[in-house]
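Below, read A as the first sequence line, B as the second, and so on, with proteins coming before strands; counting in each chain starts at 1.
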There are 2 protein chains.
Amino acid sequence: MAKKPQIVILGAGYGGMIAATKLQKKLGSGEAHVTLVSKHKYHYQTTWLHEPAAGTMHHDDARIEIDKVLNSNRANFVQDTVTSINKDEKKVILKEGGELAYDYLIIGVGATAETFGVEGVFEHAYHKWTIDGVRELKDHIEFQFSKYRNETVHKDEDLTFVVAGAGFTGIEFIGELSERVPKLCEHYDVPREKVKMYVIEAAPSALPGFDPELVEYAMNLLEHRGVEFKINTPIAEVKENLVVLKDGEEIPASTIIWATGVRGNKLIEESGFEAMRGRVKVDADLRAPGEEDVFIIGDCALIINEETERPFPPTAQIAMQQGAVAAENVMALIRGGTTSNLKPEILGTLASLGGKEAMGTVNVSFLKGRKLYGRSAYFMKHMSDNRYLMKLGGPLLVLSKGRNPF
Amino acid sequence: MAKKPQIVILGAGYGGMIAATKLQKKLGSGEAHVTLVSKHKYHYQTTWLHEPAAGTMHHDDARIEIDKVLNSNRANFVQDTVTSINKDEKKVILKEGGELAYDYLIIGVGATAETFGVEGVFEHAYHKWTIDGVRELKDHIEFQFSKYRNETVHKDEDLTFVVAGAGFTGIEFIGELSERVPKLCEHYDVPREKVKMYVIEAAPSALPGFDPELVEYAMNLLEHRGVEFKINTPIAEVKENLVVLKDGEEIPASTIIWATGVRGNKLIEESGFEAMRGRVKVDADLRAPGEEDVFIIGDCALIINEETERPFPPTAQIAMQQGAVAAENVMALIRGGTTSNLKPEILGTLASLGGKEAMGTVNVSFLKGRKLYGRSAYFMKHMSDNRYLMKLGGPLLVLSKGRNPF
């Protein structure tokens, strides 16, 4: 009897979770061993993290215990951190627990902040969009309010919040924060006008890739809530409690949030994959170039949008599609078949703006290409969140962790 | 027609509030003008502050808007800070709003931390038992947990909590914190054994003045929850994130709470009253020695317990009795009568220990001198809290701000 093939999945993000659940569902009993490796014993919804970051959602609502979704009879879970991948010996080295040999590897180890060479980001800015990272950011924000109020001499910088980056993450975060600020002011007996919020963007427009009308809608709404935008304004350096702009202006701020985008996990380059900003330009079937048995998905995979000839931005919906295709392709190889190619499909791009506000476009059936604003965008965004949970864990997961679209 | 006498009350603590509400109830219409001056537009229950400090109660539940209790037709309220009292010209100087002339003055401006000469307390320890102070402490505590968890290299001092002083305040605070720590650990994904709690006391016993059996009960209970006591251990100095003991030991701790007792507001000495540690040894009718028309109550008044020949500790129950007597005496003087003396009555001394735990003695009717533990002490403590609210604002106030004794 031949040894059962070992499938190892690294990372429990959107891609890894979809791959793992698909494999446990579709593999015949005894057809292969599946092992999922993750640093944490939970999966978290990165695309929701702007909410616990600003304190408008409990962080537990943005995470799911892996053993709630993974069936331990059909897949193993190893809680550990991957320190390196040895492609030649086909094994993964773990921090705590030795090594894992694989026949097929699916890598979905996520991203870290892209600083574009700006000094001081890792030291002085909140940059980790993880459960641990946003929980600290939320507590830090609240602490600034209570500290400000309790100081004999109030320091304006304690109530100044600077978001670097007016892309998806930055806008969604400031949407939540600006929505919450009036409540924070009430809770902490602080006058509303003492709070300053800035969003600083190096590019010539906020929300690149969005329709200009949608960008205007979002900016007007946020400005109405007191957010000040500085567009076309690169940052020179981040210091302790200080943002230095390239034009020489300095903004003292006790809370600096870095949201200028991500690059792939450094594990990728450290393990000898050729990568650009930590992302591997994968083959159409998601294998790393020249590798027979290694698939790369999510934030570490670079795929080109043929229509625009530019890379797809790393999003949850692409990661999920990649997770599914990688799982199918591993099964095909085990069964002696051939792999299929990913056909990326953008079902919509919706940004939430705090409260019951959102905006974006949807590309499904009768709404194809339609711009949505306000409540209808909010509705569609939450419906799509629920669709993901349905895919991951069925209706009970939607019930326990789903979102009310109304 | 003679000018109506001006009665000015400084401070909206227990004493000032009881004096103000008694005067507004008992003075005939047009008999006198009553003005209450306070820094904040709310009264707060100092004896409850260990709960919002540890995060087991919302800070709003420990404060009452003054206009909910004071009838603006019968008494004025001035929100301002007193900068000095000019006894000779019989006026009070305010920070924002000029001066207030008085015919009768009741001073109840509270206390500040007593450091006993230890350096660094004001700079590096939480020492303000006020709404603003405990709100910051609570947020600081939570921030330490999230910071610890999110750090790449965890720092043990971030989860070390040092309380200086094993008196009433220190014990009640650590009671709440030790009760909450398991919940904090769960919320922040932190192992329980990482949290260290110390109570450091210079005196040879915790809870001086309590029966040794009660002290043992409290210490056992708190030790069981993980609190470590260092009794007979004076503190030499407080530095940033460090407590230095006289015996040379150093305890690194990101959270240091100062609870070694209080001294009277410095306003007292600055205004030329003869005082010991900010407290004036008042006459039996609560007038400042040599003053015809100035009454001092609460933490700024020193009165001697004739049974023990030692000063009564400054407590809420004494402050309330003083507020009532000062109000009665001012009315007597206005009406051409003579003043009466305070007959201090200790109705009980109950310390809460977190959760549904408390201990202490009660001196009323059938329970006279009885030692109480656990639930029954908790019941009596909350009943007495409610009695105060009843006195202050009647049954509706008990309903909105009262405590469930069960």
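Between chain B and the options A:Leu137, A:Asp132, A:Asp60, A:Ile131, heavy-atom pairs under 4.5 Å are most frequent for A:Asp132. With chain A as the partner, the residue from B:Glu151, B:Gln144, B:Arg149 showing the most heavy-atom pairs under 4.5 Å is B:Arg149.
With a 4.5 angstrom heavy-atom cutoff, A:Tyr188 touches chain B via backbone and side-chain atoms both. Within the 4.5 angstrom heavy-atom criterion, no atom of B:Phe145 approaches chain A. Both the backbone and the side chain of B:His187 come within less than 4.5 Å of a heavy atom of chain A. For a residue to count as touching a neighbouring chain, one of its non-hydrogen atoms must lie under 4.5 Å from one of that chain's; by this rule B:Lys128 touches chain A with the side chain only.
When side chains are defined from C-beta on, B:Lys155 counts as touching B:Asp158, because their heavy atoms get closer than 4.5 Å. Inter-residue side-chain proximity for B:Val243 and B:Tyr198 is flagged as unmet; no heavy-atom pair is nearer than 4.5 Å.
Cation-pi contact between B:Arg63 and B:Tyr42: present, with separation from the ring centre below 6.0 Å and deviation from the ring axis of at most 45°.
Between the side chains of A:Thr56 and A:Glu176, a donor-acceptor pair is found at a separation under 3.5 Å.
The six-membered or imidazole ring of A:His59 lies away from that of A:Tyr44, with a centre-to-centre distance of 6.0 Å or more.
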